[in-house]
Each structure stands twice: as C-alpha cells, then as structure tokens.
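A, B, ... follow the sequence lines: proteins, then strands. Residue 1 opens every chain.
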Number of protein chains: 2
Amino acid sequence: MQRRCGKKDNWWCGRFKGLGYKLTFSRQAVLDVLSNTDSHLSAEEIYQRVYKLAPKVGLSSVYRTLELLVEIGLVSKYDFGDRRSRYELGQGIQGDNHHHHLVCTGCGKVLNYTDFIDQELELLKKTEKALSKKYNFRITNHLIQFYGVCRRCSDGKTAGI
Amino acid sequence: MQRRCGKKDNWWCGRFKGLGYKLTFSRQAVLDVLSNTDSHLSAEEIYQRVYKLAPKVGLSSVYRTLELLVEIGLVSKYDFGDRRSRYELGQGIQGDNHHHHLVCTGCGKVLNYTDFIDQELELLKKTEKALSKKYNFRITNHLIQFYGVCRRCSDGKTAGI
DNA sequence: AATTATTTGCCATTCCTTTTCAAAGGTTAA
DNA sequence: TTAACCTTTGAAAAGGAATGGCAAATAATT
Ligand SMILES: [Mn+2]
Ligand SMILES: [Mn+2]
Ligand SMILES: [Zn+2]
Ligand SMILES: [Zn+2]
C-alpha cells in the first residue's frame, strides 16, 4: 500500500517469509501495535490502535492476523475471564519475556510476574517429562495464572479495569 | 416439582441452604448431571443431559445455575480453547479432587492429572506468598494447564474429540 | 393453605468471532 | 515494466455462546 515489508525490517519479517506468508501492510500494522504495548489487548483494542495508523484496515483482518500469529507462535492468546480473548507478543516458553499472570477477579487487572520463574520452569520441565511419558502427550506449552483480589478492589472501591 | 431437596440429601444441600439459596429442581438436576460425569461438560452439554431427566428445565436456568455454582465455589469453570466454557464439580484448591489439566490442541481432549501435585502445591504456596506481598494481591486460586498433542493426533489421524 | 421473595422458561437480545465473496495486493517470471 | 497467479483484504452478513426482561411458577416459611 505505502511501504513494503521493510520499514525497519523487523525481526519477524524473516519468520513470515520463511513460512510462505506475505508480510502485508495490515499484518505489519498489527505487529506494530503489539510490539508497542505492554498490556494485554483485545482484538477490538488492537483494531482501534491500528485504525489510527491505517483506517482502511478492517476488523476481520485484525482477527485473521491474530489467528495467524498465534498459529505460528509469535503471539500468545489468553482468556482472563472477561469474555474476550487477549493477545500478547511473545514466543511461549523459549522467549526471553516468558512470564505468567496474576489476575484480579474484581477489576480484571492483569499483572505479569516472573518471580520464582526458574523454579517453576524446573518443576514444569520435570512434570512435562513425566506427563509426556505417562499420557503419551508431546507437550508444547503451558499456562499458569493466579487469581486474586488486588488492593484497590479489596479496599471496597467497586471496579475500574 | 416432583421431589423436594431431599432425594439422598446430598452434601451440597447444606451449603445451598446455608447461603440462603433455594435448592430447586433445576439446580438439583444440574448438580446431578455434574456429579455423574468425569468429563468437562459445556453448558449446552449439561443442558442436553438435564433435558433427558427434566425436559422442562431451560437453558437459561442451566447457565444461571452454573454461574451460581461457580460463585459459591462448588464448580470450576474452564476455558480449554474451544470457545465455550466448560464446567467441573469440585471445590478449588481445598477439594480432595484438586487436579490440573493436559489439553490436546489437536482434538481438544482434556486429561486430569495429579502427578507432582504435591510439589506443585508447595511451589505454588511459596509463589503465592511472595506475590501476595509484592503485588498486594490476596490470592484465591490458580490455574495450571499443559498443552500438547496426544498420540492419536500426532499419528496423523485428523481429529475426533 | 396462605404468603412472599426467589427462581424459572421462554423468548429476544447482545456481542465476540467467523465466514463469504468480489476486489485489491504481493510476488515471481517474462 | 507488464502480466499472470495466488494470497489477502474489506465490508457486510452470519454464527453462536451467553445474557437480560418479564410474567408465571415455585420453594420455603407462617
Ligand atoms: Mn503477559
Ligand atoms: Mn478436570
Ligand atoms: Zn482489582
Ligand atoms: Zn488429540
């Protein structure tokens, strides 16, 4: 449309082309949004941010791009209980930003944490190994979330996202 | 409608009444279904089983009952990635049937496992304690799921639930 | 049996997500 | 560059899980 894949020739260009996918304007836009946030955006929220940069990109394309990104492992998709999926750039276990989540059931706030992540990973590794053998599963990923009530919410304040 | 709360005066009767909820026919039916399965049923599936015993019970009531059961902690609600919530009788961490899940991303099959559950719980306890303090969360629950591909699915067979 | 607040059934409705399909885009080869 | 080819897109409609509204039914209590 305007620019080709290039721009800053991001690290994901290679991954895309290698798999035979075209690095289109829409996809680039979604990736740009995802790489410029540290929160867990919904498809709609991503769409709104994409809209500011590229109003012609449709919501369907955002959904389709997200689906693709999840499939090729560039993005993780989460359910935090607010009835819509939320997305985050990052490549599962092997990524350097691997972390788990702390979710407030009062206001929906989500925190990343990495405390004890090493010990967690050690235990997970052991568990994975045993489960793989016992249940004949090839384990590829895991999900850990803690649920609780944040300070603000337990102080009576009703809500607030 | 036919029978009152009684029947066999199940263990959940007390819990219900204690909280001021009426133990109605519909609710009893949902609980009956949940207590007679070891799989992770969706609302629709629960409704279909309830329908066989009590065709007059509506889908809304099933949803409302499930919501209530989750709220009072008798039932756990899960998202295994197939775009509908799934429910399981059991009371979180303190229950004697506490377990975690192994999900096949190919066919959607879900296994319960309890291997290493003691060590997991130990680590979780430690983590919870640290996170509580650090992030000012009162932690009430946790979720652990492993994702992988089951034998059948990795053997090429396409699907099968 | 009468009373009363709760709960239900049966819609319709909401809202996230997917599908459809013709038009536009990117990629490669001439 | 141009042409050919397959992929991807945008707009709109459809799908589908879950929820809301309301009069009628019901469980618990008197
Ligand atoms: Mn995160
Ligand atoms: Mn289970
Ligand atoms: Zn909160
Ligand atoms: Zn499978």
Side-chain angles (χ1 to χ4, degrees), chain A residues 1-7 13-14 16-31 40-48 50-51 53-72 75 77-87 108, chain B residues 1-7 9 12-14 16-31 40-48 50-51 53-72 75 77-87 108:
Chain A
M1 233 155 170
Q2 304 246 45
R3 67 187 141 158
R4 299 183 83 73
C5 163
K7 199 191 184 184
C13 290
F16 251 86
K17 299 232 180 110
L19 289 169
Y21 295 111
K22 297 178 180 174
L23 189 39
T24 64
F25 186 71
S26 304
R27 289 170 177 169
Q28 184 76 245
V30 170
L31 279 163
H40 308 85
L41 302 176
S42 68
E44 180 69 34
E45 289 167 346
I46 292 170
Y47 168 68
Q48 283 168 7
V50 165
Y51 184 84
L53 313 171
K56 299 195 92 175
V57 174
L59 179 56
S60 316
S61 291
V62 172
Y63 271 106
R64 282 183 292 228
T65 299
L66 289 170
E67 183 185 20
L68 176 63
L69 291 173
V70 169
E71 186 181 321
I72 66 180
V75 163
K77 180 178 183 178
Y78 292 103
D79 165 61
F80 295 129
D82 62 347
R83 238 180 295 133
R84 72 209 62 190
S85 295
R86 294 187 170 274
Y87 302 85
Chain B
M1 232 155 170
Q2 303 244 45
R3 68 188 138 156
R4 299 184 83 73
C5 163
K7 197 189 183 183
D9 219 292
W12 52 68
C13 290
F16 250 86
K17 301 231 181 113
L19 289 169
Y21 295 111
K22 296 179 181 174
L23 190 39
T24 65
F25 186 72
S26 304
R27 289 172 176 168
Q28 184 78 245
V30 170
L31 279 164
H40 306 85
L41 302 176
S42 67
E44 181 69 34
E45 289 167 346
I46 292 170
Y47 168 69
Q48 284 168 7
V50 165
Y51 184 84
L53 311 171
K56 299 196 92 174
V57 173
L59 180 56
S60 311
S61 291
V62 172
Y63 271 106
R64 283 184 290 228
T65 298
L66 289 171
E67 183 185 20
L68 175 63
L69 291 173
V70 169
E71 187 182 318
I72 67 180
V75 163
K77 180 179 182 177
Y78 293 103
D79 165 61
F80 295 130
D82 62 347
R83 240 178 296 132
R84 73 210 62 189
S85 295
R86 295 187 169 273
Y87 302 85

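Between the side chain of Arg64(B) and the base of dG9(C), at least one donor-acceptor pair of N or O atoms lies under 3.5 Å.
Within the 4.5 Å cutoff, the side chain of Leu23(A) has heavy atoms near those of the Gln28(A) side chain.
Taking the centre of each ring, Phe80(A) and His40(A) come in below the 6.0 Å mark.
Distance Phe16(B) CZ to dA27(D) P: 13 Å, rounded to the nearest Å. In this entry the distance linking CZ of Arg86(A) with C1' of dC16(C) reads 12 Å, nearest Å.
Within the model, atoms OH of Tyr63(B) and CD of Glu44(B) stand 7.0 Å from one another, a figure rounded to the nearest 0.5 Å. The structure places NZ of Lys56(A) at 10.0 Å from CZ of Phe25(A), a figure rounded to the nearest 0.5 Å.
At distances below 3.5 Å, at least one donor-acceptor pair connects side-chain atoms of Thr65(A) with backbone N or O atoms of Ser61(A). In this structure, the side chain of Arg86(A) does not engage the main chain of Arg84(A) through any donor-acceptor pair within 3.5 Å.
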Nucleotides 15-18 of chain D: which of its N/O atoms have a protein N/O under 3.5 Å away?
{"from": "dA18(D)", "atom 1": "OP1", "to": "Ser85(B)", "atom 2": "N", "distance (Å)": "3.0"}
{"from": "dA18(D)", "atom 1": "OP1", "to": "Ser85(B)", "atom 2": "OG", "distance (Å)": "3.2"}
{"from": "dA18(D)", "atom 1": "OP2", "to": "Tyr63(B)", "atom 2": "OH", "distance (Å)": "2.8"}

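Ser60(B) comes within contact range of at least one nucleobase, with a heavy-atom separation under 4.0 Å.
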When you check every protein heavy atom under 4.0 Å of nucleotides 1-6 of chain C, what one-letter string (B, S, -) results, 5' to 3'?
----BB
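The number of heavy-atom neighbours closer than 6.0 Å to OH of Tyr78(B), taken from other residues, nucleotides and ligands shown, is above 12.
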